[in-house]
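In what follows, a single structure is set out as structure tokens and then discussed.
A note on names: the letters A, B, ... follow the listed sequences, proteins ahead of strands, and every chain is numbered from 1.
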2 protein chains.
Amino acid sequence: MAAAAGVSITTVSDALNGKGRLPDATRRHVREVADRLGYRPSAAARTLRTGKSGLIGLTVTTYGDEPFTFTEFAYFAEMARAATSAALARGYALVILPATSRHDVWSNVALDGTVVIDPSDQDPVVSELVRQGLPVVSDGRPAGSLPVTAWVDNDHEAAVLGILDHLADAGARRIGLLTGTTTDTYTHLSTTAYLRWCERVGQDPVYEAYPAHDPCAGAVAADRLLARPDRPDAVYGLFDPNGTDLLAAARRYGLRVPDDLLLVCCSESTVYASTEPPVTTLSLKPRRIGTAVVQLLIDAIEGVDPDHPVEQVIPTELIVRTSSQRRPPRTTVSPPRSPKGT
Amino acid sequence: MAAAAGVSITTVSDALNGKGRLPDATRRHVREVADRLGYRPSAAARTLRTGKSGLIGLTVTTYGDEPFTFTEFAYFAEMARAATSAALARGYALVILPATSRHDVWSNVALDGTVVIDPSDQDPVVSELVRQGLPVVSDGRPAGSLPVTAWVDNDHEAAVLGILDHLADAGARRIGLLTGTTTDTYTHLSTTAYLRWCERVGQDPVYEAYPAHDPCAGAVAADRLLARPDRPDAVYGLFDPNGTDLLAAARRYGLRVPDDLLLVCCSESTVYASTEPPVTTLSLKPRRIGTAVVQLLIDAIEGVDPDHPVEQVIPTELIVRTSSQRRPPRTTVSPPRSPKGT
DNA sequence: TGATCTTGCAGAAACGTGTCTGTCAATGTG
DNA sequence: CACATTGACAGACACGTTTCTGCAAGATCA
């Protein structure tokens, strides 16, 4: 390359990177030759020299024995998508690296930092990364004393309390919970918030827990919850598929939603806008979380003083639909055109 | 590191990589010291020297003006997940790189090869990569004369024909299609197959097309299709959300599914197992596709003679549920326990 | 005993950058 | 005219590996 342009290696480097003292003519000449040759500087050499690879790891912890539940639900998909876009906008790319990955894969890729989704209590991967001096930002408040650089999370307790109040306002007398058996922070915080709320208002807790990674177990748990002698008249489901499972279970038992059963579930899926009836959902705003996580991480990588606090709480959004309103709002959404022959 | 173990750099490299002629004692000693120091060889230096980075690009083309529609639908999520697992099993990691990404991001990461999902006709990214000598494997038959190393796809024409026959067998007299306005191969092949089938059986085509990346447009198109004077008595929807949109539209027009309207849509989502009624879906088997694509790519990278052909066709699977059967099967799935008070 | 072979390891080159330092000419300054 | 300053570039080193070659010491052999 240097030979082709008739200049030294130094001049090429300076010309392409806009450094050094070069007349514009030389700069243009070098760039032109580079374009003509299709020359691309070696990423490996640049990384070796500068110590920066422009790569960010995206780590998803596993539920149970499943090898890898990336994008098991819409949340991860949305979050990963936003994170990728945010990283790209700042010149970084994301590398998908599950936490169960073999060690050699981790050490085979030069990372500038890592995003960890829902790290477990004593996550060995996180400890190892921190020990190497790499910044680690987690989606989800780190449990225990995990030494992450920063974290982003919703206020899950407030969200659950808000939903329970919302259901109680709609007339619910006994609110049930569909929760998970796993020990991650989300499940834990949400469940304890539910239990505390029950204690406060003097309601006996009514909940079923199941391994969240198993969709069939979710359907069974939904059915069990509605089959109980102390059947709730309102249910909040912590996981994405709970809504359709609960609707199906309600149909089996002849329960009308929302008349006999109020329903809310935590989901990012748009299907709940057009189910029968539409289901009220809690959105955790994964796009905002994914963006915030990446911004914090890149700030840490580049040594920028973060103008945001290193602990960010993203507000949730309750999207109220028919399933949680005893008296459904009078909808005036008429079909655009009346079909022929009706 | 070499100094700490009291040996030379060469010995360290040989000991850790299992090469050279070393007695087991030295090998063990070096590894022990490396463990104690938490030493990890530099990925950048290794890449620079060997020319292999262990990184595979995963490129998602964009629909319309959307910057990045990664995992817009369940298909991409499942496919990406399978691809990641398959890559990891062979010691590779995936880097997410949208096709619209700025050039500098592409050249900032050292890739061994790339997976391209649904490349467009004259995809400049693919051409550039091939010019650099990198293997490129595409998910989806490449349109035009795109010079990919290998590709994997379903037989979309056969799948559509099979569905249309299935609907006709169930009693459909006029089958409609919900399709897209984009020019990707999937949409194109499916639509022409539909048109050819119509011509063969002598039915007037009844279809609505909409920009597939816009979920609201999908709901509107579903509504329009059922509002037509020549309303179809069966519909096949090419995209994931079409099922719920069509169900909602059918409800608006008072059409019973499957009695008045037979329904099939192409989807990987499990929600269609528990909608009212459950919807027959066509699965494109994204897991098998993701796995196959990565295997082919890594074979090409490592110079392995592929024992599979470089053009692989993955069979689709039609999951027949209530929505496409005029006479629904007598279900004997009784609820596990009768709820109290019913 | 000297010659050849094997074993166990060290030296050094190369990968392709970024960057520090140095050189040479042209220009300004007293 | 001597000297400092500045512009425009080239040389050389370092990043941390992998790998080829080489060298000494012991083993084997004629």
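Inter-residue side-chain proximity for Leu134(A) and Asp112(A) is flagged as unmet; no heavy-atom pair is nearer than 4.5 Å. Counting heavy atoms from C-beta on, the side chains of Leu284(A) and His156(A) come closer than 4.5 Å. With contacts defined as side-chain heavy-atom distances shorter than 4.5 Å, the pair Ser42(B)/Leu48(A) qualifies. In this structure the side chain of Val109(B) reaches within 4.5 angstrom of the side chain of Leu97(B), judged on heavy atoms. Residues Leu16(A) and Tyr39(A) are in side-chain contact: their nearest non-hydrogen atoms beyond the backbone lie under 4.5 Å apart.
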Protein-nucleotides 25-27 of chain D N/O pairs under 3.5 Å:
none

Could I get a table of every N or O pair under 3.5 Å where one atom is in the protein and the other is in nucleotides 9-11 of chain C?
{"unit_1": "dC9(C)", "atom_1": "OP1", "unit_2": "Thr26(B)", "atom_2": "OG1", "d": "3.3"}
{"unit_1": "dC9(C)", "atom_1": "OP2", "unit_2": "Thr26(B)", "atom_2": "OG1", "d": "2.8"}
{"unit_1": "dA10(C)", "atom_1": "OP2", "unit_2": "Ser8(B)", "atom_2": "N", "d": "2.7"}
{"unit_1": "dA10(C)", "atom_1": "OP2", "unit_2": "Ser8(B)", "atom_2": "OG", "d": "2.8"}
{"unit_1": "dA10(C)", "atom_1": "OP2", "unit_2": "Thr11(B)", "atom_2": "OG1", "d": "2.6"}
{"unit_1": "dG11(C)", "atom_1": "N7", "unit_2": "Thr10(B)", "atom_2": "OG1", "d": "3.2"}
{"unit_1": "dG11(C)", "atom_1": "O6", "unit_2": "Thr10(B)", "atom_2": "OG1", "d": "2.9"}

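When heavy atoms are screened at a 4.0 angstrom cut-off, Ser42(A) is found touching the sugar-phosphate backbone but no base atom.
Atom CZ of Arg27(B) is separated from atom P of dG8(C) by 10 Å (rounded to the nearest Å). The separation between Arg40(A) atom CZ and dT17(C) atom P is 12 Å, rounded to whole Å. Following rounding to the nearest Å, Asn17(A) (CG) and dG16(C) (P) show an atom-to-atom distance of 17 Å. Residue His29(B) contributes atom NE2, which lies 14 Å from atom C1' of dG8(C) at whole-angstrom precision. Atom pair Leu16(A):CG and dT19(C):P shows a separation of 13 Å (rounding to whole Å applied). Remark: C1' of dG16(C) and CG of Leu37(A) are 16 Å apart, rounded to the nearest angstrom.
Shown here are the salt bridge (Lys or Arg N to Asp or Glu O under 4.0 Å) partners of Glu302(A), two or more places apart in sequence or in another chain: Arg90(A). Legend: residues meeting salt bridge (Lys or Arg N to Asp or Glu O under 4.0 Å) with Arg21(B), ordered by chain and number and at least two apart, are absent. Every salt bridge (Lys or Arg N to Asp or Glu O under 4.0 Å) that Arg287(B) has, sequence neighbours left out, goes to Glu78(B).
A donor and an acceptor atom, one from each side chain of Ser8(A) and Thr11(A), are located under 3.5 Å apart.
For dT19(D), neither phosphate oxygen OP1 nor OP2 lies less than 4.0 angstrom from any side-chain nitrogen or oxygen of Arg49(B). For dT19(D), one of the phosphate oxygens OP1 or OP2 lies less than 4.0 angstrom from a side-chain nitrogen or oxygen of Lys19(B).
Crowding of His188(B) atom NE2: a count of heavy atoms from other residues, nucleotides or ligands under 6.0 Å not exceeding 12.
Taking five base pairs at each end of the helix from dT1(C)-dA30(D) to dG30(C)-dC1(D), the local helix axes there meet at an angle of 60°, rounded to 10°.
Under a 4.0 Å N-O distance rule, the pair Glu128(B)/Arg40(A) qualifies as a salt bridge.
The side chain of Leu48(A) has dG16(D) as its nearest neighbour among dG18(C), dT17(D), dG16(D).
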